[in-house]
Amino acid sequence: MTRVRSLFWRWVALAILAAGAYATVVRFTRGLGAATNLSDQMPWGLWIGFDVLCGVGLAAGGFAITTAVHILHLEKLRPIVRPAVLTAFLGYLLVILALIYDLGRPWNIWRATVLWNPRSVMFEVAWCVMLYTTVLAVEFSPLLFDKLGWRRASRAARAAIVPLAAAGFILSTMHQSSLGSLYLIVPSKMHPLWYSPLLPWLFWLSAVGAGLAMVIFESGMSARAFGRALELDVLEKLARAMAVLLGVFWFLRLWDLGVRGHLGAALRLWGPGSLPARMLWLEALLMLVPAALGLSDRFRLHPQRLFALASTVVAGFLVHRLDVSTTALAAGSRYFPSWMEIAVTMMLVTLGVAAFRFAVLHLAVFGPAHGAQEIEEAKLAPALYG
Amino acid sequence: MRALLIDVTRCAGCGACVEACCEANHLPVTDSAELGPYHYTVVRKVRTRRGEIHYRRLCMHCLDPACASVCPVGALKKTRQGPVVYNPSICMGCRYCLQACPFEVPRYEWDSIAPKLGKCSFCAERLAAGGMTACAEACPTGATLCGERDELLKEARARIAAEPGKYLPRIYGEREVGGTSVLYISNVPFAMLDLPENLPTEPLPSLTHRALSQIPPLIGTAGMLLAGLWWLTDRKREVARAEGAVRKQEGKR
């Protein structure tokens with residue numbers, strides 16, 4: 001039975017990769033116009049809205065957990081540092097890949113390193129992507145070095161973890177917030193239910209909240225796939241943090257709508273032009289309900305329910321970011337991605353899942369703690385925090 | 001700084017400006033009503049209570065252009081003389097300029113595999129050589145004037161003052177998004193000319209600047225906070241470890 005199921009998924013993955021490969025050829029031989037539904041009025045579509053805005057956001061669990069363990073010494077979270085860093089690292093690699101599809105002249109991508117325009121948010125974004133991907137690569141490298149038996153390199157990379165974690169926190173904070181800042185310059189084009197001077201802060205909050213949900217989601221998926229036990233005692237702590245962060249996010253958002261006098265627009269749920277308000281409340285429903293339920297032990301301490309809560313939050317987050325990048329923009333409600341845009345996005349997600357699986361099968365992602373220091377700390381941890 | 005004054009009431013819709021523009025930029029002549037990667041200016045008409053009105057659209061050449069401020073590599077620049085010019089050789093094609101422009105002016109070569117931006121360059125080379133734009137030179141009715149921005153503002157005010165019943169008492173582009181180098185005066189509401197009426201008077205780049213200027217202090221604060229928290233939690237752990245050792249010894253005794 002499991003064999004049949006795994007065979008089925010293998011065929012699905014192959015079909016997605018084939019469609020993605022075809023779309024890739026069209027994109028790079030006939031241009032963005034032939035492959036996408038983008039237009040002068042809607043210059044950013046699914047590849048920016050989903051692959052970049054959602055991809056980076058959901059990778060936020062990586063820096064959040066790294067900071068918690070290596071800066072705040074929350075030893076209990078240590079078992080999930082590696083999967084979270086792996087997720088973030090793969091996420092960033094996929095974002096870069098997606099950018100190569102989306103940029104009209106990707107061969108000029110390196111120019112941002114020499115031609116500086118510090119007034120541009122995109123310039124900040126470009127530098128954050130480059131630097132934080134490097135940080136993630138070094139944070140992830142010990143797993144590879146251990147596999148190769150390069151002890152000294154592994155030890156060197158581990159020794160740098162505290163400053164790396166600090167750099168990761170700062171770069172991620174800048175990157176997550178700057179994705180929101182990208183939209184600060186379009187006040188006249190963006191719907192008031194999404195435009196806000198608080199966009200950078202809102203993007204940071206929603207990313208960390210949903211990033212933690214993503215870690216729970218992934219732990220659940222990989223527990224099922226690899227037959228591991230779920231680290232419920234760890235994940236329930238993440239769910240608690242997630243609930244608080246999403247609560248603050250929605251409080252700020254609704255408060256901001258009130259202050260700017262747009263709560264009325266948020267309540268226009270029927271009649272023509274009610275799509276934005278409906279989407280807003282769909283986002284709220286998908287994020288706030290699981291966040292609230294996550295505060296109750298009956299849901300948080302139950303593996304299936306916890307998994308369902310996290311999945312719903314991730315879905316709500318996707319809706320929210322797609323709203324910001326499409327629904328909220330004047331031409332956005334008329335844009336729908338072409339099948340080739342969808343195929344490339346699905347291909348990138350499939351590649352990410354495959355790479356994650358490959359890494360788990362060949363590297364000690366979920367394995368026992370390596371290195372004398374970590375073992376010692378693992379022994380100490382229960383005495384301290386248990 | 002050079003500017004253009006477009007007096008909608010004088011435009012006959014002859015299209016001489018479009019032809020001159022295409023010729024000066026070596027582009028195919030079309031009568032398209034939409035700006036495009038190969039149409040830097042267009043003449044449109046709209047039926048109003050005052051009869052049929054013709055009006056031009058082209059890049060507004062903002063004084064503090066959003067497109068130039070958002071370009072990560074500086075492929076778009078506002079020159080001292082006024083034009084906002086584009087350098088395709090360094091452009092990476094992120095299209096943030098298309099997203100940021102409040103007038104929806106920049107157009108993209110979507111069908112190219114090395115796409116470039118298409119938009120009016122304000123005939124930057126002709127201006128630098130002391131000339132005026134091809135469109136202004138070609139205009140037979142004086143509906144498009146090329147000159148110094150201050151002078152054109154004066155001229156616009158004089159025209160409005162001379163015929164207050166005809167013109168709306170406002171110059172579009174004088175204050176919008178901090179001012180533009182293309183100015184409009186009209187006898188019908190500017191919204192009818194597809195000019196957005198919901199723009200702030202403050203330059204759009206200042207909206208981003210407010211957020212970006214918070215970053216350096218944020219880095220400093222975050223760095224200190226992280227160091228402090230690391231030290232504090234590390235110390236807590238050491239104390240716990242020492243206490244644990246003491247307890248162990250006492251247990252042995």
Quick one: does any side-chain atom of B:S206 pair with a main-chain N or O of B:H209 as donor and acceptor, under 3.5 Å?
no

Proximal component of A:L182, with respect to chain B [non-hydrogen, under 4.5 Å]:
both

Answer key: most heavy-atom pairs under 4.5 Å with chain A among B:S213, B:G93, B:G223 is B:G93

For the residue pair B:D194 / B:Y55, report whether a side-chain donor-acceptor contact shorter than 3.5 Å exists.
yes

Is it true that a side-chain atom of B:R56 and a backbone atom of B:V43 form a donor plus acceptor pair closer than 3.5 Å?
no

Contact class of B:S69 relative to chain A, heavy atoms under 4.5 angstrom
both

Judged by atom type as modelled, is there a donor-acceptor pair below 3.5 Å linking the side chain of B:S121 to the main-chain atoms of B:V85?
no

Would the distance check show the side chain of A:Q176 and the main-chain N or O of A:V56 forming a donor-acceptor pair, the cut-off being under 3.5 Å?
yes

Greatest number of non-hydrogen atom pairs under 4.5 angstrom with chain B, of A:T36, A:I109, A:L99, A:L38, falls to A:L38

Pick from B:I215, B:I90, B:L204, B:V70: which one has the most heavy-atom pairs with chain A under 4.5 Å?
B:I90

With a 4.5 angstrom heavy-atom cut-off, which part of B:I219 approaches chain A: side chain, backbone, both or neither?
both

If you count heavy-atom pairs under 4.5 Å with chain A, which of B:P37, B:C101, B:P196 comes out on top?
B:C101

Region of B:Q214 in contact with chain A, defined by heavy-atom distances below 4.5 Å
side chain

If you count heavy-atom pairs under 4.5 Å between each of B:G74, B:P88, B:G36 and chain A, which one has the most?
B:P88

Less than 4.5 Å to any heavy atom of chain B: does that hold for the side chain of A:A112, its backbone, both, or neither?
both

With a 4.5 angstrom heavy-atom cut-off, which part of B:L229 approaches chain A: side chain, backbone, both or neither?
both

Main-chain N/O of B:H61 paired with B:K78 side-chain donor or acceptor, under 3.5 Å
yes

Which portion of A:T29 sits near chain B, non-hydrogen atoms under 4.5 angstrom:
backbone

Need one label for B:L218: side chain, backbone, both or neither, based on atoms under 4.5 Å from any heavy atom in chain A.
side chain

Check each atom of A:W110 against the heavy atoms of chain B and say whether the ones under 4.5 Å are side chain, backbone, both or neither.
neither

For A:W127, is there any backbone N or O sitting under 3.5 Å from a side-chain donor or acceptor partner on A:Y132?
no

Chain B heavy atoms under 4.5 Å from A:V121: which part of the residue, side chain, backbone, both or neither?
both

So which part of A:W201 gets closer than 4.5 Å to some heavy atom of chain B, the side chain, the backbone, both or neither?
side chain

Side chain of B:R149, backbone of B:S181: donor and acceptor closer than 3.5 Å?
no

Pair count under 4.5 Å, heavy atoms only, with chain A: among B:A222, B:A100, B:A227, highest is B:A100

Does B:R2 qualify as a cation-pi partner of B:F122, given the criterion of NZ or CZ under 6.0 Å from the six-membered ring centre and within 45 degrees of its axis?
no

Can you find a heavy atom in the side chain of B:E202 that is under 4.5 Å from one in the side chain of B:L207?
yes

With a 4.5 angstrom heavy-atom cut-off, could you sort out which part of A:P163 is near chain B: side chain, backbone, both or neither?
neither

Applying a strict 4.5 Å limit to non-hydrogen atoms, the region of B:P205 in contact with chain A is both

Residue part contacting chain B, namely of A:R111, when any heavy atom lies under 4.5 Å
both

Would the distance check show the side chain of B:S186 and the main-chain N or O of B:F190 forming a donor-acceptor pair, the cut-off being under 3.5 Å?
no

After noting the C-alpha distance and the side-chain angles of A:K189 and A:Y195, does the key distance pass the side-chain contact (heavy atoms from CB on, under 4.5 Å) rule?
CA-CA 9 Å; A:K189 287 177 161 183; A:Y195 184 85; over 6 Å; no

Would you mind checking which part of A:V162 comes under 4.5 Å of any heavy atom in chain B, side chain (CB onward), backbone (N, CA, C, O), both or neither?
side chain

Which residue out of A:L171, A:V114, A:D102, A:D40 racks up the most heavy-atom pairs below 4.5 Å with chain B?
A:D40

Could you check whether any side-chain N or O of B:R107 sits under 3.5 Å from a backbone N or O of B:Y40, counting only pairs where one atom can act as donor and the other as acceptor?
no

Check whether B:S89 gets within reach of chain A through its side chain, its backbone, both or neither, counting any heavy atom under 4.5 Å.
backbone

Is B:A75 close to chain A through its backbone or its side chain, or both, or neither, when contacts mean heavy atoms under 4.5 Å?
neither

If you tally heavy-atom pairs under 4.5 Å against chain B, which of A:S39, A:A34, A:S178 wins?
A:S39

Pair A:W194, A:Y183 - check ring pair (Phe, Tyr, Trp, His ring centres under 6.0 Å), show working.
CA-CA 10 Å; A:W194 286 276; A:Y183 292 94; over 10 Å; no

Ranked by heavy-atom pairs below 4.5 Å to chain A, first place among B:A66, B:C91, B:S112 goes to B:C91

Is the side chain of A:N117 donor-acceptor paired with the backbone N or O of A:R119 at a distance under 3.5 Å, no angle test?
yes

